[in-house]
Structures are given as C-alpha cells and as structure tokens.
Amino acid sequence: MAARNGGSLLILFVTYDPDRNIPCQLASSVQAPALAGLPEWSGRILIDANNPIEAPLFKPVDLHGRVSSELVADLVPGARVVKAFNHLRAEVLAADPRSGGGRRVLFYSGNDGAAKAEVAALIERIGFVGIDLGSLAVGGKLAQFPGGPLPNQDLIKIA
C-alpha cells in the first residue's frame with residue numbers, strides 16, 4: 001500500500017502460484033499481478049520477502065539456477081531490491097525479537113548499499129539485529145528456502 005501512495009519502500013509477499021504469480025509470469029515476460037498498477041519505481045526500495053515454493057503443494061520452483069530476488073528485480077526496473085524477512089517463519093517474525101538475553105537475527109542482501117542500509121535501519125527499528133549477506137546472487141542464495149543453509153535458523157545475537 002505504501003507504494004500506491006508514493007512511499008519509498010514496499011515489502012512484497014506473494015505465493016508462487018504457477019497460474020497467477022511470479023514463475024509463470026517470468027516465463028512469459030508479463031508483469032506479476034501483485035506488482036501491477038504500481039507507480040514507477042524510480043529508485044524506491046522493494047523488499048522481497050518471498051521464497052520460491054509453489055503453493056499449496058509446498059514444492060520448490062525451478063528457477064534455473066537463479067535466486068528468486070534476481071527474478072523479482074527483473075520485474076521492477078528502477079527498483080532497488082533487497083531480500084529480507086524470508087528466512088524465518090511468520091510466527092517467529094511476529095514474536096518479540098528479544099529472546100534468550102539477546103535479539104533475534106534477520107539476514108538481508110542486495111546489490112545497492114544505500115538500500116541495504118535503509119532496510120538494516122528498519123530491521124533495527126523493529127527490534128531485530130540485521131546481518132548483511134552481500135549481493136542478491138550470494139546472500140539471496142544463502143537465505144533462500146529451499147536450498148540455502150540459513151532458512152529457519154533462529155539465531156540470537158547476545159549483547
């Protein structure tokens with residue numbers, strides 16, 4: 001909704017449904033419905049919180065060796081895409097980020113340093129500790145479910 005109102009940051013949460021969303025849309029070079037009707041990106045930040053799992057089958061989507069956020073970036077020319085909020089289950093994200101004498105860790109990655117700094121500040125503001133995993137190609141692969149080693153790793157940074 002922030003993007004529709006001219007905001008500078010949007011978080012994208014969609015399911016990978018081959019009939020309506022990203023995988024088939026990418027194959028046919030048609031923009032995904034979840035992104036339709038939004039104003040030009042013009043340097044705004046898109047946080048990609050998705051994982052390439054086909055619903056409701058919970059089966060991995062074949063992205064031909066690419067990271068899902070790289071494919072999302074292809075759909076939003078001019079946007080600064082940051083992968084974040086995707087490696088923990090929703091109920092863990094919704095819980096208090098303070099746990100076990102520290103704060104829960106959230107990973108993020110992207111190709112634009114300034115965009116990553118803004119996302120890191122957001123992560124900090126809501127009480128988590130952010131860890132920069134590098135570029136979308138590298139960090140996205142580490143945190144992407146399935147395939148990466150970091151999904152569902154509920155890590156706490158002890159202060």
Side-chain angles (χ1 to χ4, degrees), residues 1-16 21-23 32 34-35 38 41-56 58-76 78-159:
M1 197 59 159
R4 291 186 190 276
N5 294 326
S8 62
L9 188 141
L10 176 82
I11 299 177
L12 178 67
F13 291 95
V14 295
T15 58
Y16 273 74
N21 287 316
I22 294 171
L35 300 171
L38 294 174
W41 288 95
S42 304
R44 289 183 296 137
I45 298 169
L46 175 66
I47 298 175
D48 176 24
N50 298 293
N51 286 305
I53 298 294
E54 186 179 318
F58 207 72
K59 118 181 171 183
V61 174
D62 182 6
L63 301 178
H64 308 290
R66 293 188 73 196
V67 174
S68 62
S69 294
E70 292 175 305
L71 300 177
V72 168
D74 290 346
L75 291 172
V76 288
R80 298 179 296 153
V81 176
V82 177
K83 182 75 160 185
F85 300 100
N86 70 302
H87 83 280
L88 293 174
R89 295 180 319 277
E91 64 270 16
V92 176
L93 285 172
D96 189 340
R98 292 168 296 174
S99 180
R103 293 186 298 150
R104 189 164 277 115
V105 169
L106 290 180
F107 300 110
Y108 62 93
S109 59
N111 298 337
D112 183 289
K116 288 194 300 183
E118 286 191 49
V119 172
L122 171 65
I123 289 169
E124 184 74 25
R125 237 182 354 264
I126 61 176
F128 293 88
V129 173
I131 295 181
D132 185 348
L133 296 176
S135 69
L136 287 178
V138 174
K141 192 169 285 191
L142 291 170
Q144 181 169 282
F145 178 80
L150 298 176
N152 290 316
Q153 299 299 316
D154 189 6
L155 304 176
I156 307 296
K157 179 179 180 188
I158 306 298

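All values below come from the heavy atoms of this structure, side chains included, with hydrogens, waters and symmetry mates left out.
- Across every non-hydrogen atom of Pro52 and Pro146, the tightest pair is O-CD, 4.0 Å.
- Partners of Tyr108 according to the ring-ring contact (aromatic ring centres under 6.0 Å, His included) rule, which considers only residues two or more places apart in sequence or in another chain, do not exist here.
- For the pair Val82/Ser109, no side-chain contact is recorded, criterion being any heavy-atom separation below 4.5 Å from C-beta on.
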Query raised in the report: Between Arg44 and Leu9, does a side chain to side chain contact (heavy atoms under 4.5 Å, CB included) hold up when you go through it step by step?
Result: CA-CA 6 Å; Arg44 289 183 296 137; Leu9 188 141; over 6 Å; no
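- Closest non-hydrogen pair, Trp41 versus Val76, comes out as NE1-CG1, 3.3 Å.
- Looking at every heavy atom in both residues, His87 comes nearest to Leu106 through CE1-CA, 3.6 Å.
- Proximity of Ile47 to Ile45: side-chain heavy atoms (C-beta onward) are separated by under 4.5 Å at one or more points.
- A distance-only check finds no donor-acceptor pair linking the side chain of Asp154 to the backbone of Val92 [under 3.5 Å].
- In this structure, CG in Leu12 is found 9.0 Å from CG in Leu75, a value given to the nearest 0.5 Å.
- Contact of the Asp48 side chain with the Phe85 side chain is not registered, since no non-hydrogen atoms from C-beta on lie closer than 4.5 Å.
- Counting only distance, with no hydrogens or angles, the side chain of Asn51 and the backbone of Phe145 share a donor-acceptor pair below 3.5 Å.
- Distance check: Glu70 CD to Ser135 OG gives 7.5 Å after rounding to the nearest 0.5 Å.
- Electrostatic pairing of Glu124 and Arg103 counts as a salt bridge here, judged by a charged N lying under 4.0 Å from a carboxylate O.
- Nearest approach of Asn50 to Ser68, heavy atoms of both residues: O-OG, 4.0 Å.
- Side-chain contact check for Arg89 versus Asn152: some heavy-atom pair is nearer than 4.5 Å.
- Atom CG in Asn111 sits 9.5 Å away from atom OG in Ser69 (nearest 0.5 Å).
- The heavy-atom pair separating Arg80 from Asp112 by the smallest distance is CD-OD2, 3.2 Å.
- Between the CZ atom of Arg66 and the CD atom of Gln144 there is a distance of 11.5 Å, given to the nearest 0.5 Å.
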Report task. Apply side chain to side chain contact (heavy atoms under 4.5 Å, CB included) to Leu136 and Val67, showing your working. Result -> CA-CA 7 Å; Leu136 287 178; Val67 174; 5.5 Å; no
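- Across all their heavy atoms, Val119 and Ala84 have their closest contact at CG1-CB, 4.1 Å.
- Residues Leu71 and Leu63 meet the side-chain proximity criterion, which asks for heavy atoms closer than 4.5 Å.
- A donor-acceptor contact shorter than 3.5 Å is absent between the side chain of Arg104 and the backbone of Leu93.
- Using a 4.5 Å heavy-atom cutoff, the side chains of Leu150 and Leu133 are in contact.
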